[in-house]
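Working notes, beginning with the structure itself.
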Protein chains: 2
Amino acid sequence: MVPPWSPLRACAHRVVERRLDFGTQTARRSRALCPPSGSILLGVDLLERLIAVVGEAHVVVGEDAEEFTHDATFMEHPLLAVVRPGSTEEVAAVVGVCHETNTPVVARGSGTSLVGGPVPLAGGVVLSLDRLDHLEIDVANTVAVAGAGVITGQIDEAANAHGLMYPPDPASVGMCSIGGNIACNSGGMRCVKYGVTADYVTGLTVVLADGQVLRLGGKLRKRSSGYRLMQLFIGSEGTLGIVTEATLKLVPLPRFQATAMVGFQTLEEAGAAVARALSRGHFPAAIELMDRNALEMVTHLLPPGFETDLEAVLVVEVDGNNREHVEADLVGMVEVLDGLDDRIAQSPAERARLWEARRRWGEVVRSTPHNYFAEDVAVPIGAIPEMLRRVRKLSEETGIKICTVGHSGDGNLHPSLVFTDEQRPQVSRAAARIFRDALELGGSISAEHGLGALKRDHAELEHGPLAISLMRGLKHLLDPAGILNPHKVLPEGPADDDFLDRQPGWYPDPDRPRRKAETGL
Amino acid sequence: MVPPWSPLRACAHRVVERRLDFGTQTARRSRALCPPSGSILLGVDLLERLIAVVGEAHVVVGEDAEEFTHDATFMEHPLLAVVRPGSTEEVAAVVGVCHETNTPVVARGSGTSLVGGPVPLAGGVVLSLDRLDHLEIDVANTVAVAGAGVITGQIDEAANAHGLMYPPDPASVGMCSIGGNIACNSGGMRCVKYGVTADYVTGLTVVLADGQVLRLGGKLRKRSSGYRLMQLFIGSEGTLGIVTEATLKLVPLPRFQATAMVGFQTLEEAGAAVARALSRGHFPAAIELMDRNALEMVTHLLPPGFETDLEAVLVVEVDGNNREHVEADLVGMVEVLDGLDDRIAQSPAERARLWEARRRWGEVVRSTPHNYFAEDVAVPIGAIPEMLRRVRKLSEETGIKICTVGHSGDGNLHPSLVFTDEQRPQVSRAAARIFRDALELGGSISAEHGLGALKRDHAELEHGPLAISLMRGLKHLLDPAGILNPHKVLPEGPADDDFLDRQPGWYPDPDRPRRKAETGL
């Protein structure tokens, strides 16, 4: 059975008068977003055309398509069909069909998004890229070439076999796809030393909104030639084009790691310690933070006897090519950090043990009987203590438990709001306050997850009207009909305290079983 | 005396029919590029308006403006006035005046460009950003905030005083400005390990073509929120907006370096050695290459007794926080490189000595009685030997001496053509062949210098018509009247063998003294 075409949700655009012409394009874009109602009648014909491109086995409709209606958030939306193309050419042909029929098309990797990124909010076609799973490690050129559907962790693993590494490591690295990582410019723990996804992309194949194939870059590592088109598609969350293949820079694999856990009695001490270590030449491969509320959830995973009366704990890792050097570097760094309690792993087993509290944090949160809502803000690293203080105060004022972990070397914090169904009406307001606090401190509402649908309406608060108007201009240039992943990234409603309350599915249907989606935290 | 308004040079656009609408905008853009001839009459009024913004002391005309008519190439063009604004607000006001009067405006840093980047080919106003020289090192947030006119090396020096480093280090690091580096996404020797300029920019203030001020990003290190507008301006060579201030990520300063020089009998051995070292976990801070022709010019600077019957030499540097570790790492890497002759510096003086041949290379080339033309291509690192072979063959066939140095860990080669005035007619053809060879090998015609005017016409050969049409769309979106740095980046003529011959000034005026401009090579 083909699910009915879903009506477009109402969208409110503010068109602000501006000197450059970006703003006026908004209105055209939002009108173009609305396909003619006759499209409903196109359903069967459209399906036949999609089947003609990818074969019947790769078009999924009805109940089998259910998993493609949602991501790792509470959000979901009916869709017309899931299409699983097997090549860039098939993606181009599918998008061409959508272009001709004015059908929304949403590219999807593994569906681990925490912001509603791949939820098909305008219905239409979900383009699952999982069959684009070819992977080549080109050792002579020190790059990987990966289809959009390749699981990110597999790229690193395959590179490791050749003494090379693909550094970006989102918490969901074992599940998420490289296409999704590129769409969201994903980060991870190692980014403090090695940079984010965007720093590693040297080539992209992109299917444009009309089905044309744009090939950018290649296996070369450096280029200062023309506008940086690749960077325009990276982080655009499938709204400007659909990435089908990427060439990725690899770096030498450090053969040894050394790990320590260091506790701090105050947030200020932890924050000052990070800045101090960096300015004394220590360049950790990870410097992960957990605050008191986060620690309380994983005390059973801390090293035996570890001090628990702490406001913050850092898990620090140093890597390199020589075991003794790496261990000596770590000892030096732990001295500079100067914490209240510290543990330096003396064996691989102890290393794994030290990482357990941080790495299994997401699993612990997902397994609570309560609901959780994961934030992903960034602040300048000097503002981490103040941001953590504000989050703690918010937790005290609202009674919502907020546990924060994060990548402190990047200023990237993940406050997770843990709440009961009764607390649900307050969560939206609390989450919006976290957005505003991060922005007040010179930060961002999204460090590595993207804006998706969830954070969309707060984008102008971060970027200001001129930048948003320019973003709308770019969207109009690349997707004038607005068929690519509608209702994502660009604001459609007010940046207010009710942003979650307005999202479909935030208040769960009591008659349906709760879904617990898999992702990394 | 006010130099006369210079007529626009003829420009030929090929408008190719395309499905998306980028192409048709080209025509509008190129018409808009041509200011009404009445503009000539505006000269005096324009000058008065510019003086009203920045004061008479900061508007330069006539002979005093001569140094602003050229860069470090042979290219030059008359201009109307040089304006030296003292703040972003003054830049905005000057651009506003140019917008209203349809006057071309060219942002300029230190004029070290090797591609004609800041040469005012449409005349008009040159906006010298040298007075935007404020610099702040924010240690707590581990960032620098620099005005566009700050000399790049000063940022690194100031960061060093706080135990921090700004890694990108173009050969002209002591002369070039950070604004120019951002405009060209500059690289340097340390980029193999630390990345290029674009990897360090966390915030930008940009004056748009109509004088509006766009503030992007800030002191935070990570962001996945909305389209990556900053990346659009980086590398756009002042054709999409004018960067007036940047916030730059700093990293821990490694306190020790160890340096070696390693010789190879064949190009293949040198190429294989680089790939082998990277895949064995060695992550050098520099891995610089010189080919036989380059070596011949600096044999007097090589270590005493160093083998000279070599096709290639690598200068390798390792850095870190512990002297012994760094030295041991280097020894291990030199073993893996397995060259015919190698020298490991045993003292700071020996380190300096090993660097001399490479670092003073540019000086030696500039001081020859001959002319030189510096190329800047990139190829995938596995293709370095083949690229060097082709360059050598070209040198043999044409009789033009071509000496190549480069950043081999990035695949970035700088073949310098050294020639007499009699050979000048053949240089354009040889340089065009180097472009084509790099592209055939999957490379780029510009790794770190930008396209400017010199390489503009070969851009479509590299990027293809679809990408160029999208670039034209971006240009039209951001600068519909085409007043920002006209005749740069986007092709205006055929990608042929005569591209140099067509450039004004390539054949020097025998009645004028030759100019030798300062830059890094």
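Below, chain A is the first sequence line, B the second, and so on; all start at residue 1. Basis for what follows: all heavy atoms, side chains included, without hydrogens, waters or symmetry-related copies. These figures come from a predicted structure and were not determined experimentally.
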Is a side-chain N or O of A:D199 found less than 3.5 angstrom from the main chain of B:D199, in a donor-acceptor match? no

Chain B: which of A:S186, A:G235, A:S444 shares the most heavy-atom pairs with it under 4.5 Å? A:S444

Worked verdict on A:V379 versus B:L220 for side chain to side chain contact (heavy atoms under 4.5 Å, CB included): CA-CA 5 Å; A:V379 292; B:L220 78 171; 5.9 Å; no

Pick from A:R228, A:K193, A:K219: which one has the most heavy-atom pairs with chain B under 4.5 Å? A:R228

Side chain to side chain contact (heavy atoms under 4.5 Å, CB included) assessment of A:H325 paired with B:D329: CA-CA 10 Å; A:H325 297 174; B:D329 276 1; 3.7 Å; yes

Checked B:T202, B:V196, B:D138, B:T239 vs chain A; the most non-hydrogen pairs under 4.5 Å come from B:T239

Are side-chain heavy atoms of A:V213 and B:L466 found at a separation under 4.5 Å? no

OH of A:Y227 to CG of B:L240, rounded to nearest 0.5 Å, is 4.0 Å

Any side-chain donor near an acceptor of the partner, A:E448 and B:S224, under 3.5 Å: no

Only pairs of heavy atoms separated by less than 4.5 Å count here; which of A:Q231, A:K222, A:K455 has the most with chain B? A:K222

Between B:G411, B:G226, B:A378, B:G442, which has the largest tally of heavy atom pairs under 4.5 Å with chain A? B:G226

Taking side chain as everything from C-beta outward and backbone as N, CA, C, O, which of these in B:L278 sits under 4.5 Å from a heavy atom of chain A? Side chain, backbone, both or neither. both

With a 4.5 angstrom heavy-atom cut-off, which part of B:A459 approaches chain A: side chain, backbone, both or neither? neither

Can any side-chain N or O of B:N321 pair as donor or acceptor with the backbone N or O of A:R280 at less than 3.5 Å? yes

Can you tell me how far the CD atom of B:E462 sits from the OG atom of A:S225, to the nearest 0.5 Å? 3.5 Å

Looking at A:S279, A:G218, A:A467, which has the largest count of heavy-atom pairs under 4.5 Å with chain B? A:S279

Give the minimum heavy-atom separation between A:P380 and B:N141, together with the two atoms involved. CB-OD1, 3.2 Å

Is it the side chain or the backbone of B:H162 that comes within 4.5 Å of chain A heavy atoms, both, or neither? backbone

Contacting moiety of B:A277, where chain A heavy atoms sit under 4.5 Å: neither

Using a cut-off of under 4.5 Å on heavy-atom pairs, state which of A:V139, A:L232, A:I234, A:L216 scores highest against chain B. A:I234

Contact class of B:L229 relative to chain A, heavy atoms under 4.5 angstrom: side chain

Please determine, among A:G281, A:C191, A:A159, A:A272, the option with the most heavy-atom pairs under 4.5 Å with chain B. A:G281

What I'd like to find out is whether the side chain of A:V274 reaches to under 4.5 Å of the side chain of B:T142, using heavy atoms alone. no

Can you confirm whether more than 12 heavy atoms, excluding those of A:R323, are under 6.0 Å from its CZ atom? no

Rounded to the nearest 0.5 angstrom, the NE2-CZ distance for B:H407 and A:R221 is 14.0 Å

In terms of heavy-atom pairs under 4.5 Å, which option from B:V143, B:V115, B:N185, B:N322 contacts chain A the most? B:N185

Taking side chain as everything from C-beta outward and backbone as N, CA, C, O, which of these in A:H449 sits under 4.5 Å from a heavy atom of chain B? Side chain, backbone, both or neither. backbone

Can you tell me how far NZ of A:K249 sits from CD1 of B:I381, rounded to the nearest 0.5 angstrom? 10.5 Å

The interface call for A:N412 against chain B, heavy-atom contacts under 4.5 Å, is side chain

Look at B:G450, B:G195, B:G332, B:G452 and state which one has the largest set of heavy-atom pairs under 4.5 Å with chain A. B:G450

A:E324 atom CD: more than 12 heavy-atom contacts under 6.0 Å: no

Quick one: of B:H282, B:R255, B:K488, who has the most non-hydrogen atom pairs under 4.5 Å with chain A? B:H282

Given B:C184, B:G187, B:P254, the one with more heavy-atom pairs under 4.5 angstrom with chain A than any other is B:C184

